[in-house]
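All chains are named by letter (A, B, ...) in the order of the sequence lines, taking the proteins before the strands, and each is independently numbered beginning at 1. Please read these numbers as outputs of a predicted model, since none were measured by experiment.
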Amino acid sequence: MKEILTKNLNSSQTEAVLCTEGPLIIFAGAGTGKTRVITYRIAYLLSLGVAPQSVLAVTFTNKAASEMKKRISDLIPGTGANTWVSTFHSFCAHFLHAEASRISLNPDFLIYDFTDQKNVVKDCIRELNIDEKRFKLSTIADKISRAKDDLKSPSDMAAEAEYSGDFFGTTAAKIYGLYQKKLERANAVDFGDLIMLTVSALQQHSGLLEHYREKYKYIMVDEYQDTNHAQYIFIKLLAGKHRNICVVGDDDQSVYSWRGADINNILDFEKDYPNAKSVKLEQNYRSTPKILSTANQVVKHNNVRISKRLWTHNPDNGFVTVLKAVNETDEAIKIAELICPNAYGNKYKFSDFAVFYRTNAQSRTFEDAFREFRIPYTVVGTLRFYDRAEIKDIMAYLKLIHNPNDNVSFKRVINIPRRGIGKTSIETLEKFARFKNMSIWQSVPFAQKVGLTKGPVKALNSFTQFIKDFSALKNSGSVKLITEKVITDSGYLKELEVENTSESKIKIENIQELISAVDDFETRLSDKSLAGYLTQIALINDIDSPDESKGKVTLMTLHLAKGLEFDNVFICGLEEGLFPIGESAFNDKELEEERRLMYVGMTRARKRLYLCWSTERKVYGKTIWNMPSRFIAEAGFQDESAEMEQNRKQSFQNRLSQGFNRTIQNGGLGRGQNFRSFNEKPFKAEILHTNAQSYGYMPPGGEITKDERLDNPAGDLSPYKIGTAVSHPIFGRGQIIEKSGAGNDLKLVVLFETGQWKKLLARIANLTLI
DNA sequence: TTAGTTCCGCTTTTT
DNA sequence: GCGGAACTAA
């Protein structure tokens with residue numbers, strides 16, 4: 001086994017793998033083979049005879065967990081599959097189910113997501129007669145979540161606020177208190193509770209703690225820089241006996257402090273475990289030296305970090321460059337031009353490109369431009385499958401069948417489809433329920449007594465009957481059957497069919513997809529119960545969509561980019577106020593987190609990295625002028641941006657004089673389209689996501705071939721086109737990105753592979769087409 | 001009760 | 001400039 005390891009690992013990776021006993025911290029820089037080290041380390045442990053059941057590996061995302069599981073069982077077929085690899089939340093959910101009786105918890109608990117949480121908070125704020133304007137839903141819901149991340153109860157929060165004379169905090173604590181009561185009454189827990197309840201169970205029941213400590217002799221934590229206080233304590237408790245704890249992370253990639261992550265957990269690991277061994281993985285296998293040194297240069301500006309320096313043996317064949325645009329549309333067009341099929345002599349697939357931005361709102365401009373340029377793209381992460389209204393509706397029915405006391409779900413579907421049960425009816429009923437300390441469901445029989453009119457009473461009764469009719473199926477029938485019955489018998493599907501709009505058709509499609517996801521769940525998992533399904537869904541917030549990104553350019557926020565890699569990366573909107581965002585530049589802590597986010601983005605690039613900014617940008621419908629982001633200067637581009645300003649001004653003038661025309665001849669739209677029309681929102685978002693094949697443009701497999709090159713604009717007979725790859729006797733290979741003038745006066749702006757930009761007179765530049 | 005209209009206020013979002 | 005929530009009219 002040792003030979004296999006050393007053959008496939010470098011020396012520090014090997015060192016980390018072989019160190020199995022005692023606390024170990026692995027500082028794993030971007031692209032240094034972190035997952036490889038974790039999986040090999042587990043494989044090595046098993047090869048030493050450690051029982052797979054006594055190894056616990058914890059991650060943050062389901063994606064990371066399943067990836068790790070797969071790689072372990074690839075490495076060790078058979079026993080490898082028995083190691084316990086899961087997310088923090090999923091582990092705790094299992095724990096709470098298993099130990100429910102010991103800690104007087106009803107094991108049928110539901111898991112509330114953030115939307116559910118906000119709904120409960122809303123109820124609390126109204127019930128307590130608190131000014132909704134001053135105490136915003138999401139702010140309070142967030143504050144409650146952060147409190148749980150810090151293992152703070154409502155009274156802890158109240159005491160703290162009291163002490164510091166914080167009125168807002170005092171009120172928030174009141175809301176938190178009521179919120180918690182409501183959750184208990186509905187037999188629901190939120191994400192924060194999963195961890196917090198587990199921690200307190202372990203703290204209060206020494207028998208339990210002893211048992212789990214003994215069980216998990218080896219513990220590994222991935223992305224340790226993202227752990228919050230509760231998770232930190234949880235791990236500390238579990239590892240308290242054998243102390244074989246190995247954490248892996250990169251403080252430079254800590255970008256979730258706003259979600260409670262505490263970077264000090266990783267920075268202080270060696271203080272917490274004084275005899276800890278520390279290994280730094282610094283050899284990068286992903287990026288070119290130029291990209292790495294630039295990223296290093298940027299992150300070096302942070303004060304709070306563990307010093308490290310990434311290096312690589314990779315060939316130096318890429319570049320980092322700055323792209324300056326005149327406005328956000330121009331930014332998108334310039335990027336589209338670089339991506340469009342002419343780019344780089346057909347060397348790349350669309351899926352080799354990624355566009356990162358700080359805020360989701362920025363994606364729209366790119367969607368418009370890419371559509372115009374016939375560039376297939378996929379926007380990652382905007383609206384997740386299980387967050388769609390129609391899916392949440394169906395899920396609410398299922399939750400209600402499982403647990404009728406779930407007020408959030410009750411209120412969600414009581415009038416969907418419309419049953420004539422309005423706001424006032426529900427409010428009266430809810431008030432009564434609250435007074436009697438019962439759920440809305442339990443108060444339905446008293447509807448008439450409370451003064452509801454005939455119609456609503458009748459509708460309420462038939463609704464509760466409808467839910468009750470599932471009671472037999474609930475325990476014995478398949479979840480798929482229940483789901484199908486809900487969809488049809490509730491009239492939900494019917495209403496969508498009658499609506500018959502493009503939106504309703506998509507909703508129906510999504511519902512069908514939900515059914516196949518349920519089917520998938522039933523064939524894959526051993527726990528086929530409704531309860532099992534609901535837990536599963538609460539913790540896994542997306543369905544697998546393997547081919548989603550195939551042959552498409554990826555658009556996403558920088559946060560979502562963590563862990564991924566692409567040959568060509570565009571980081572956009574690099575402007576003060578947008579990235580670093582808002583007021584973060586005035587707060588060292590926040591600024592450093594923004595800078596880490598920049599570092600994360602930069603280190604995603606394998607070969608080419610573009611730092612893009614725009615002098616002018618529309619924000620909330622108003623045009624604003626921004627300074628270039630300090631991160632551009634920190635990356636060492638003070639001079640270039642000045643030089644390029646000249647080029648850009650010139651090129652924008654040219655564009656203006658050409659009336660922004662660009663003709664696409666072999667795409668579906670054969671006519672010249674004016675770029676101004678971008679803002680007119682030509683299609684619905686769903687249509688934007690259709691596979692590019694439907695345009696007759698992308699061949700299967702997503703490879704770009706010569707035949708699909710964009711043609712010349714009509715009437716332009718010059719061989720020099722925007723996007724054409726050329727070679728220069730001195731500057732080497734490059735690509736035309738701007739052109740102006742004609743004939744003897746034809747000027748070209750060429751972006752060379754070295755990253756340099758040059759404006760050349762075509763007649764004397766001696767360029768050759770390649 | 002619901003449909004239509006106006007008004008507000010906007011980072012990031014692993015679970 | 002857009003979406004959600006709150007208000008208003010029927």
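Taking the six-membered ring where the residue is Trp, A:F91 and A:Y216 present perpendicular rings, their angle passing 60° and hence far from 30°. Between A:F191 and A:H89, the angle of the ring planes goes over 60°, which puts this pair in the perpendicular group of the 30/60° scheme.
In this structure, A:I125 atom CD1 and C:dA6 atom C1' are separated by 15 Å, rounded to whole Å. As a whole-Å value, the separation of A:I581 CD1 from B:dC10 P is 13 Å. For the pair A:I416 CD1 and B:dT2 C1', the computed distance is 13 Å after rounding to whole Å. Residue A:Y386 contributes atom OH, which lies 19 Å from atom C1' of B:dT13 at whole-angstrom precision. Atoms CG (A:L564) and C1' (B:dT14) sit 12 Å apart, rounded to a whole Å. The CG-C1' distance, from A:L558 to B:dT11, rounds to 12 Å in whole Å. The separation between A:R384 atom CZ and B:dT15 atom P is 7 Å, rounded to whole Å. Atom CG of A:L534 and atom P of B:dT15 are 17 Å apart (whole Å).
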Using distance only, find each side-chain donor-acceptor pair of residues 131-140 of chain A under 3.5 Å and give its atom names and separation, not counting sequence neighbours.
from: A:D131; atom 1: OD1; to: A:K133; atom 2: N; distance (Å): 3.0
from: A:E132; atom 1: OE2; to: A:R126; atom 2: NE; distance (Å): 3.1

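Looking at heavy-atom distances under 4.0 Å, A:K622 makes no contact with the nucleic acid at all. Here A:E132 lies in heavy-atom contact (under 4.0 Å) with sugar-phosphate atoms only. Residue A:R617 is out of contact with every strand shown, counting any heavy-atom pair closer than 4.0 Å. Residue contacts shown for A:F88 are absent, as no nucleic acid heavy atom lies under 4.0 Å away. Using a 4.0 Å heavy-atom cutoff across all strands shown, A:I195 reaches no nucleic acid atom at all.
Note on A:Y620: a side-chain N or O is less than 4.0 Å away from OP1 or OP2 of B:dT11. Distances shorter than 4.0 Å separate none of the side-chain N or O atoms of A:T59 from OP1 or OP2 on B:dT14. Put simply, A:R364 has a side-chain N or O that comes within less than 4.0 Å of OP1 or OP2 on C:dC2. For the pair A:N360 and B:dT13, the criterion of a side-chain N or O lying under 4.0 Å from OP1 or OP2 is met. In this model, the phosphate group of B:dT2 is approached by a side-chain N or O of A:N415 to a distance below 4.0 Å at OP1 or OP2. Under 4.0 angstrom from either OP1 or OP2 of B:dT1 there lies at least one side-chain N or O belonging to A:T424. Distances shorter than 4.0 Å separate some side-chain N or O of A:S425 from OP1 or OP2 on B:dT1.
If you check distances only, the side chain of A:R358 never reaches the base of B:dT11 with a donor-acceptor pair under 3.5 Å. One N or O donor and one acceptor, one from the side chain of A:R259 and one from the base of B:dT15, sit under 3.5 Å apart.
With B:dT14, B:dT13, B:dT1 as the choices, the nucleotide that has an atom nearest any side-chain atom of A:W258 turns out to be B:dT13. Side-chain atoms of A:R418 lie closest to B:dT2 of the nucleotides B:dT13, B:dT2, B:dT11. Checked against B:dG9, B:dT15, C:dA6, the side chain of A:K136 finds its nearest nucleotide in B:dG9. Among C:dA6, B:dT15, B:dT14, the nucleotide with an atom closest to any side-chain atom of A:D226 is B:dT14.
Annotation: A:D588, atom CG; neighbour count of heavy atoms from other residues, nucleotides and ligands within 6.0 Å does not exceed 12. For A:K458, the NZ atom is loosely surrounded, since the number of other residues' heavy atoms within 6.0 Å does not exceed 12.
With respect to the salt-bridge test (charged N to carboxylate O, under 4.0 angstrom), the residues A:K70 and A:E67 do not qualify.
Two rings, from A:Y256 and A:H559, have their centers less than 6.0 Å apart.
Comparing A:K133 and A:T61, the nucleotide of DNA chain B nearest to each residue sits closer to the 5' end for A:K133. The nearest heavy atom of DNA chain B to A:A361 and to A:K63 marks one nucleotide each, and the one closer to the 5' end goes with A:A361.
B:dT12: glycosidic angle beyond 90° from 0, hence anti.
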